[in-house]
2 protein chains.
Amino acid sequence: MYIKDESMNPRPTNSVGLTGLTQLTKPATAHTNTPKRAESVMDAIKALILEQGLRPGDSLPTEATLCEQLGVSRSSVREAIRKLEALNIVSVEHGRGSFVGSLSLDPLVQSLAFRSTLLSNEGFEGLRDVVEVRRYLDLGCSEQVVKTLKGTKQPELRRLVGEMQVLASEGKTFEQQDIAYHLGLLAQLPNTVIKQLAHSLWLVHMAVTPQLGLEITHHLRQTADAHELMLNAAIAGDLEAYRDAVTEHYRPLEEILSARI
Amino acid sequence: MYIKDESMNPRPTNSVGLTGLTQLTKPATAHTNTPKRAESVMDAIKALILEQGLRPGDSLPTEATLCEQLGVSRSSVREAIRKLEALNIVSVEHGRGSFVGSLSLDPLVQSLAFRSTLLSNEGFEGLRDVVEVRRYLDLGCSEQVVKTLKGTKQPELRRLVGEMQVLASEGKTFEQQDIAYHLGLLAQLPNTVIKQLAHSLWLVHMAVTPQLGLEITHHLRQTADAHELMLNAAIAGDLEAYRDAVTEHYRPLEEILSARI
DNA sequence: TACCATTTGTACGTATGTATC
DNA sequence: CGATACATACGTACAAATGGT
C-alpha cells in the first residue's frame, strides 16, 4: 500500500523532442482512446512554444483557439494549462490571457518545501538534506567564486556583511541580507541554473526553518562572522580558507539539525 | 439553478485536531470571492495531507468529497489537483482515486528540460549550466564520497566501470551504466535530496544531449576512463585526485558545450 | 462472462469577474 | 461610461477505468 515508486522513472510522456506540429491527430471522430487528454494537450502546447520560438512573456493563443486547433474541450485545455502553470512554463493572467512563463525553479521550491515540511514530522531530515545540498553547491563552485573575486573590493558585499553583524549583535535575524549576500557571491558566474537553484534552496530553507523554533538565534553572530571570513578568503584568493569558511558557515545549523534527527 | 447548499450542514466543523479539513470560508452568496479558487483549494489539500500525516501512496478523499467539504465546484478541485499532480505532490489514477505523490524532483526535470530545449535554439547555455551544476554537486560532496568509499572494494562499481570501458571501445554509449555508476557513488550518503537532484539533472542532461548530435561519441573512452580514475581515487582515499578526476570526467562535454555557445 | 458501484476523465452550457479599449 | 474579449467558476451529463460481485 505504501511506496508506489514511480519516483525514479518518469513517464514515457516526457517527450521534449520538438518533432512537429501542433495538431492533435484526432479531431472529428470521438474518443480515440487517449489515456490522458490533458497530457497530450500539454505536450502540444509545449511543442507550440518551441516551434514558434516563443520567449518568456510572449502571449499564447487563447483557450478557445487552443480548443479549436487541438479539437478538445475547454476543460482539457484548462487542466493542461494548469499543469504547465504549476511548472512555470506558462503563466496566466486573469482577464488578459496566457503567456510563456518565466521558466524559473519555483516548482522546485514548492515541491521541496512541501516535502521537507511533510518529513519534518519525523525529524528534520528534509531540511538537513537541503542545507547540505546548499553547502555542496557552495563548495562546488568555490573555485570559480574565488577566482572571480580575487583582488576585487566588493563594497556591496562588505556592506551586507556589516549589516548582518550589526543585526546579529542586536539579536535580530538578517534573512534579506543573507540571501542578497549569497546571490552576490554567485552573481559573477554566468551559470543561471546554479543561481536559481541556490536561490530556490534558500527559499526552501527559509520556508522550513520556522518549524525549528528560535534555537537558531543563538548562532546569529557566528553565522554573520562566517560570512565575513568567506568574503575575506575569496578576495584574498585563498581557496582553502574559503572552503573552510563555507563549511564553518553551515556548521551551526547543521549541528542543530543533526541533533534533532 | 444554483439554489442548493445553505440547507446542507453549515456546521463549522472546524475541529482542531487531525480530522479537520480546513473549510474554505464559504460565502452565502455563491459568487463573492474570485482571486484564485484553485490556489486556496491547493493549499487546503496540502494542509489536509500535513494535518492527517499522510505519506506518499496514501489515498486522498475523492473529488466529490473534497468538493463537498471545501464547498467548491468539481472544476476547481480538479484544477487544484492538476497543479499538485504537476508538482508530484499528488498522483491520480483513473478509476481508483487520488493519492499522495512521490514528492520526487520530476517537476524539476520537466522544467529544466523544457528550459534547456527552449534555449538550445540560441546555443547550449541551458545544457552547459546543467552539466556545470552536476560537476559542482559532484565536487561538493567529494569529501563525503571519498570518506565513505576509502578502503572499500565496491565490486559493483568496478563492474560498471568495466562495462563502460568495453562499450566505449566498441563505440557504443553507456547511459545506463553511467547513471548507475553515479548513483552508486552517492548511494552511501544519507542525503536523499542530493541523490534525487543528481538523478534529475542527469535526466535533463540526457533529454537535451541528443540535440548535440554525435559529437560526444568521440570522447566515450575518455569519459569511461575518468570513471575508473574517480573510483580509484575514492577507494585510495585521495581527495585531491578524486576531485581532479571529477573535473576531468566532465571536461570533454563541457568543452564541446563551450565551443557551441 | 456479465453487471454494477465507485471514481476519475471529458465535454458542454452558462454565468460572472476583470482587463482593455 | 459601455462594449468586447477573456479567464474564472459552477453545474450537469456522460464516458472510461477500476474493482468487486
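As the structure is a computational prediction, the values presented were derived from the model and not from experiment. Convention: sequence-line order gives letters A, B, ...; per-chain numbering from 1.
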Could you give the [atom1]-to-[atom2] distance, from [X] to [N], as a whole number of Å?
X	N	atom1	atom2	value
A/Glu93	C/dG17	CD	C1'	16 Å
B/Glu79	C/dT8	CD	C1'	15 Å
A/Met42	C/dG9	CE	C1'	16 Å
B/Glu68	D/dC10	CD	P	15 Å
A/Arg96	D/dT8	CZ	P	13 Å
B/His94	C/dT7	NE2	P	13 Å

(message) When you measure from the side-chain N and O atoms of B/Arg78 to the phosphate of D/dG11, is any distance below 4.0 Å, counting only OP1 and OP2?
(response) no

If we ignore hydrogens and angles and just use 3.5 Å, is the side chain of [X] paired with the main-chain N or O of [Y] as donor and acceptor?
X	Y	answer
A/Ser111	A/Pro107	no
A/Thr65	A/Pro61	no
B/Asn191	A/Asp129	yes

(message) Ignoring hydrogens, what is the shortest heavy-atom contact between A/Ala187 and A/Lys195? Give both atom names and the distance.
(response) O-NZ, 3.6 Å

(request) Assess whether atom CZ of B/Arg159 is packed by more than 12 heavy atoms of other residues, nucleotides or ligands within 6.0 Å. (result) yes

(request) By nearest nucleotide on DNA chain C, pick out whichever of B/Ser75 and B/Gly95 is the more 5' one. (result) B/Gly95

(request) Give a yes-or-no answer on whether the side chains of B/Ser116 and B/Arg128 include a donor-acceptor pair shorter than 3.5 Å. (result) no

(request) May I ask you to check whether B/Gln110 and B/Arg115 show a side-chain donor-acceptor distance below 3.5 Å? (result) no

(request) State, yes or no, whether a side-chain contact exists between A/Glu132 and B/Ile194 at a heavy-atom distance under 4.5 Å. (result) no

(request) Please tell me if the side chains of A/Ser104 and A/Gln196 come closer than 4.5 Å, counting only heavy atoms from C-beta onward. (result) yes

(request) Go through residues 58-67 of chain A and report each residue with a non-hydrogen atom lying under 4.0 Å from DNA chain D, sorted by number. (result) A/Thr62, A/Glu63

(request) Please tell me which of the listed nucleotides, C/dA11, C/dG9, D/dC10, lies nearest to the side chain of B/Arg82? (result) C/dG9

(message) Is it the case that D/dA9 (base atoms only) and B/Ser76 (side chain only) share a donor and an acceptor within less than 3.5 Å, ignoring hydrogens and angles?
(response) no

(request) Five pairs at each end of the helix from C/dA2-D/dT21 to C/dC21-D/dG2: take the axis at both ends and give me the angle between them to 10°. (result) 10°

(request) Just call it for B/Arg74: base, sugar-phosphate, or nothing, with non-hydrogen atoms closer than 4.0 Å on any strand. (result) base

